[in-house]
Amino acid sequence: MILVIGGAGQGKLDVLLRNTNLKAEDVTERLGEDKPVLQHLENAVREAIAAGMTQEQILAELLWHEAVLCREVGCGVVPVDRMEREWRETVGRICCKIAQDADEVVRVFAGMPMVLKGERKWK
């Protein structure tokens with residue numbers, strides 16, 4: 001699996017598509033949809049939590065994807081709202097688990113990939 005992380009609007013999907021054989025039609029934003037790329041993991045986690053899914057259940061839904069893209073949500077002011085804190089914590093823990101098991105982890109900043117894990121040269 002490939003995990004691509006980065007801030008909003010940094011070009012995560014463009015970098016992934018440019019460096020793999022994956023295509024735009026391979027991308028979904030919903031858990032359980034039969035496509036190899038899940039974009040916006042942070043939104044999918046929010047929906048899953050609202051539906052009562054546990055972190056383990058969410059991870060089980062992710063493991064078959066070839067690539068997962070996630071906006072960084074852990075920076076900045078800690079939210080006052082308990083549910084917002086739980087969501088951020090869950091996204092972070094899921095990303096940690098995916099990164100641990102992934103073949104490649106790439107952080108994208110200003111459209112530039114930084115390989116954190118893996119041997120492939122990204123451009």
Hey, could you give me the NE2/CG distance between H40 and L13, rounded to the nearest 0.5 Å?
8.0 Å
Do V91 and V105 belong together in a cluster built from hydrophobic side chains that touch within less than 4.5 Å?
yes
Mark yes or no for whether Q57, through its side chain, and T54, through its backbone, hold a donor-acceptor pair below 3.5 Å.
yes
Are E72 and R107 side-chain neighbours, meaning at least one heavy-atom pair lies under 4.5 Å?
yes
Grab the two heavy atoms, one from A102 and one from K117, that are nearest each other, plus how far apart they are.
O-NZ, 2.8 Å
Heavy-atom pair of closest approach, residues V78 and R88
CA-NH2, 4.2 Å
Taking all atoms of both residues into account, what is the closest heavy-atom pair of K121 and N19, and its distance?
O-OD1, 4.1 Å
Do I94 and Q55 have side chains that approach each other closer than 4.5 Å (heavy atoms only, starting at C-beta)?
yes
Heavy-atom pair of closest approach, residues A48 and L31:
CB-CD1, 3.8 Å
Intermediate values then yes/no, side chain to side chain contact (heavy atoms under 4.5 Å, CB included), V115 and E104:
CA-CA 8 Å; V115 177; E104 297 179 89; 6.0 Å; no
What are the two closest non-hydrogen atoms of F109 and M114, and how far apart are they?
CB-CE, 3.7 Å
So how far is it from L62 CG to D101 CG, rounded to the nearest 0.5 Å?
11.5 Å
Is there a side chain to side chain contact (heavy atoms under 4.5 Å, CB included) between L38 and W64? Walk through the geometry before answering.
CA-CA 10 Å; L38 177 69; W64 65 271; over 6 Å; no
Any side-chain heavy-atom pair of V15 and V4 under 4.5 Å
no
Identify whether M1 and V37 are in the same connected component of the hydrophobic contact network (ILVMFWY, side-chain heavy atoms under 4.5 Å).
no
Validation row: R120, V106 side chains within 4.5 angstrom (heavy atoms)
no
Treat each ILVMFWY residue as a node, draw an edge where side-chain heavy atoms are under 4.5 Å apart, and state whether W87 and V68 are in one component.
yes
R93/E89 under salt bridge (Lys or Arg N to Asp or Glu O under 4.0 Å): CA gap, chis, key distance, verdict
CA-CA 6 Å; R93 291 185 184 280; E89 181 76 18; 2.7 Å; yes
For the pair K35 (side chain) and E25 (backbone), establish whether a donor and an acceptor sit closer than 3.5 Å, ignoring hydrogens and angles.
yes
Looking at E84 and R46, is any side-chain nitrogen of the basic one under 4.0 Å from a carboxylate oxygen of the acidic one?
yes
Give the C-alpha distance, both sets of side-chain angles, the deciding distance and a yes or no for side chain to side chain contact (heavy atoms under 4.5 Å, CB included) between L69 and I2.
CA-CA 8 Å; L69 289 77; I2 301 168; over 6 Å; no
Among I5, V73, I98, find the residue that satisfies the side chain to side chain contact (heavy atoms under 4.5 Å, CB included) test when tested with L41.
I98
Tell me whether R30 contacts the main-chain N or O of A44 through its side chain, where contact means a donor paired with an acceptor under 3.5 Å.
no
Check whether Q39 reaches the backbone of V27 with its side chain - one donor and one acceptor, N or O, closer than 3.5 Å.
no
Please step through side chain to side chain contact (heavy atoms under 4.5 Å, CB included) for the pair E61 and M53, ending with a clear verdict.
CA-CA 10 Å; E61 288 287 326; M53 291 177 72; 3.9 Å; yes
Got M83 and I49 here, is their nearest side-chain heavy-atom distance under 4.5 Å?
yes
For a quick test of reading the model, state the closest non-hydrogen atom pair linking L3 to C95 and the distance between them.
CD2-O, 3.7 Å
Should we count CG of D81 as having more than 12 external heavy atoms under 6.0 Å?
yes
Hey, could you give me the CD1/CG distance between I58 and L63, rounded to the nearest 0.5 Å?
12.0 Å
